[in-house]
Amino acid sequence: MAVAQRRGRRIMMTPAELDSFLTEQRTCRVATVSADGRPHVSALWFAWDGTSLWLYSLTRSRRWAELRARPHLAVVVDDGEEYGELRGVELSGTVEFVGEAPRTGEPCPELEAPERLFAAKNFGLDAMPHDGRHAWLRLTPDAVASWDFRKMGSPPAP
């Protein structure tokens, strides 16, 4: 169960808003930590299934190596240009590796739904293309924090 948001309740997203936002958005920023404690942030496409964030990562990437060593992850999905339009979500927890790595398309019932979602959302396809270089990560968040500045109304005039 995700940790409840303690601050910013006035601007946090409702569960329905959160679900809609994560379903609509395409790109997230993924934060990992190296062995010497240095943070690493990279952008990835994702799919949201209503419970978990599914990430399709290169298996020969710094991100993948860092997650193999320490599977703790923080992800930010955000949107907006002007201050009063800013909204987003931070999800964090322990990532799980799902399916073969790299993914070649071997049958994996657990991946049927996320691959369908990901292929439709990011490629406009009915089935997931596999390149033998990527594999699946699932983040079922332990903590979720969200914000939607549109709920504050207009910002004060300068």
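The figures here come from the full heavy-atom set of this structure, side chains too, leaving out hydrogens, waters and symmetry mates.
The two residues R29 and D78 have their closest heavy-atom pair at NH2-OD1, 3.2 Å. When all heavy atoms are compared, the tightest approach of A31 to L73 is O-CD1, 3.5 Å. Nearest approach of P141 to T51, heavy atoms of both residues: CD-O, 3.6 Å. The two residues V95 and L67 make their nearest non-hydrogen contact at CG1-CD2, 3.9 Å.
In this structure, D49 and P114 have side chains that are not in contact, with every pair of non-hydrogen atoms separated by 4.5 Å or more. The closest side-chain heavy-atom distance from P71 to E96 is not below 4.5 Å. Residues W64 and L58 form no side-chain contact, since every pair of their non-hydrogen atoms from C-beta on lies 4.5 Å or further apart. Side chains of L91 and L22 form a contact here, defined as non-hydrogen atoms less than 4.5 Å apart. Contact annotation: the side chain of K151 never approaches that of R87 to less than 4.5 Å [non-hydrogen atoms, C-beta and beyond]. You'll find the side chain of M128 reaches within 4.5 Å of the side chain of H130, heavy atoms only. Using a 4.5 Å heavy-atom cutoff, the side chains of M13 and F21 are in contact. Inter-residue side-chain proximity for D79 and Q25 is flagged as met; some heavy-atom pair is nearer than 4.5 Å.
Between the OG1 atom in T59 and the CD atom in E100 there is a gap of 10.5 Å [rounded to 0.5 Å].
Judged purely by distance below 3.5 Å, without hydrogens or angles, the side chains of R63 and S42 pair a donor atom with an acceptor atom. In this model, a donor atom of one side chain and an acceptor atom of the other lie less than 3.5 Å apart for E115 and W136.
Among W48, W54, W45, the single residue meeting the side-chain contact (heavy atoms from CB on, under 4.5 Å) criterion with F118 is W45.
Judged by the 6.0 Å distance and 45° axis criteria, R26 is not positioned over the aromatic ring of F46.
No donor-acceptor distance shorter than 3.5 angstrom exists from the side chain of T94 to the backbone of H72, with no hydrogens or angles considered.
Between H134 and Y56, the ring planes lie parallel to each other; the angle is under 30°, not in the 30° to 60° tilted range.
Here R62 pairs with E66 in a salt bridge; the nearest charged N to carboxylate O distance falls below 4.0 Å.
Residue M152 is grouped with residue L86 when hydrophobic side chains (ILVMFWY) are merged at heavy-atom distances under 4.5 angstrom, including chains of intermediate members. A chain of hydrophobic side-chain contacts below 4.5 Å, direct or via other Ile, Leu, Val, Met, Phe, Trp or Tyr residues, connects F97 to L44.
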